[in-house]
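Have a look at the structure below before the remarks.
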Amino acid sequence: SMSRVVRRGALHPRRAAASGPKAFAAAASRTLVSRAAAGPKAFAAEERAAAKAAASAGIGAPTYTQLANRYLLSFGSLLAGASVVHLTFMPDLTIPQLQDGASPHDCSEPEPSTDGGEGFIPTPTFRGARPGMVYKLGRAGLGYYPDRARNR
């Protein structure tokens, strides 16, 4: 018959269950099409047999305890990974102190300096884009430098 030809090389789910969970999953996925081709009654009977074999092999839907353990393991791994990254790169998480009279929203521009060339503005932090300027660490230090590529 058709089902006999299609299933010739497939591993029976009971034998696969006895071989272990991986063999059972492989057999179930390999034979799904061939079992469906045998007809709905034969398919249902084989599904029941496969479920019974899975239950006897200890394979089945995970319990709430198993799901909780998997969640805790995943979350713990995430935290451990974050800890490793934090300890490896050691970011500076201190909040810088404001100078006397300065407001956190103060965007006043410092006076241009001639130390780094014409138009250099020393600034320890990036304070937004400025037309014709590039924020970088150059020969005079960190700050805004004239954009030479744009000025050409």
Side-chain angles (χ1 to χ4, degrees), residues 1-99 102-110 121-152:
S1 78
M2 173 69 170
S3 63
R4 184 180 207 121
V5 173
V6 175
R7 286 194 274 154
R8 182 175 291 175
L11 183 61
H12 192 274
R14 283 192 188 149
R15 282 194 218 137
S19 300
K22 288 184 180 178
F24 177 79
S29 66
R30 263 196 317 257
T31 62
L32 185 62
V33 173
S34 62
R35 288 186 287 144
K41 286 185 180 180
F43 180 74
E46 290 215 18
E47 281 297 307
R48 285 191 298 274
K52 196 181 274 187
S56 68
I59 304 168
T63 63
Y64 287 116
T65 304
Q66 289 171 330
L67 290 175
N69 287 341
R70 290 175 186 172
Y71 171 77
L72 290 174
L73 179 67
S74 299
F75 191 69
S77 298
L78 179 69
L79 290 178
S83 177
V84 167
V85 169
H86 179 77
L87 291 174
T88 301
F89 294 104
M90 297 281 228
D92 180 20
L93 299 177
T94 59
I95 300 173
Q97 296 297 319
L98 297 175
Q99 296 173 353
S103 162
H105 303 289
D106 186 16
C107 294
S108 61
E109 298 183 11
I121 302 171
T123 308
T125 58
F126 180 74
R127 296 188 179 223
R130 298 185 183 182
M133 302 294 280
V134 177
Y135 184 77
K136 65 179 184 177
L137 179 61
R139 67 174 187 259
L142 191 59
Y144 290 92
Y145 288 85
D147 189 1
R148 300 198 190 283
R150 186 176 253 194
N151 296 336
R152 289 182 189 173

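Numbers here simply count residues along the sequence, with the first being 1.
- When each of Thr65, Leu73, Leu67 is checked for a side chain to side chain contact (heavy atoms under 4.5 Å, CB included) with Asn69, only Thr65 meets the rule.
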Please determine whether side-chain contact (heavy atoms from CB on, under 4.5 Å) holds for the pair Met133 and Ile121, giving the CA-CA distance in whole Å, both sets of side-chain angles, and the decisive distance to 0.1 Å.
CA-CA 9 Å; Met133 302 294 280; Ile121 302 171; 3.9 Å; yes
Please test Leu87 against Ser83 for side-chain contact (heavy atoms from CB on, under 4.5 Å), starting from the C-alpha separation and ending with a verdict.
CA-CA 6 Å; Leu87 291 174; Ser83 177; 4.0 Å; yes
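- Here the side chain of Thr88 pairs a donor or acceptor atom with the backbone of Val84 at under 3.5 angstrom.
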Can you check side-chain contact (heavy atoms from CB on, under 4.5 Å) on Tyr144 and Arg127, steps first, answer last?
CA-CA 10 Å; Tyr144 290 92; Arg127 296 188 179 223; 3.8 Å; yes
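- Shown here for Thr123 and Tyr135, the closest heavy-atom pair between the two residues is O-OH, 3.2 Å.
- Put simply, the side chain of Tyr71 never gets that close to the backbone of Gln66: no donor and acceptor are under 3.5 Å apart.
- The structure places NZ of Lys136 at 8.5 Å from CG of Asp147, a figure rounded to the nearest 0.5 Å.
- In this structure, OH on Tyr145 lies 6.5 Å from CG on Leu137, to the nearest 0.5 angstrom.
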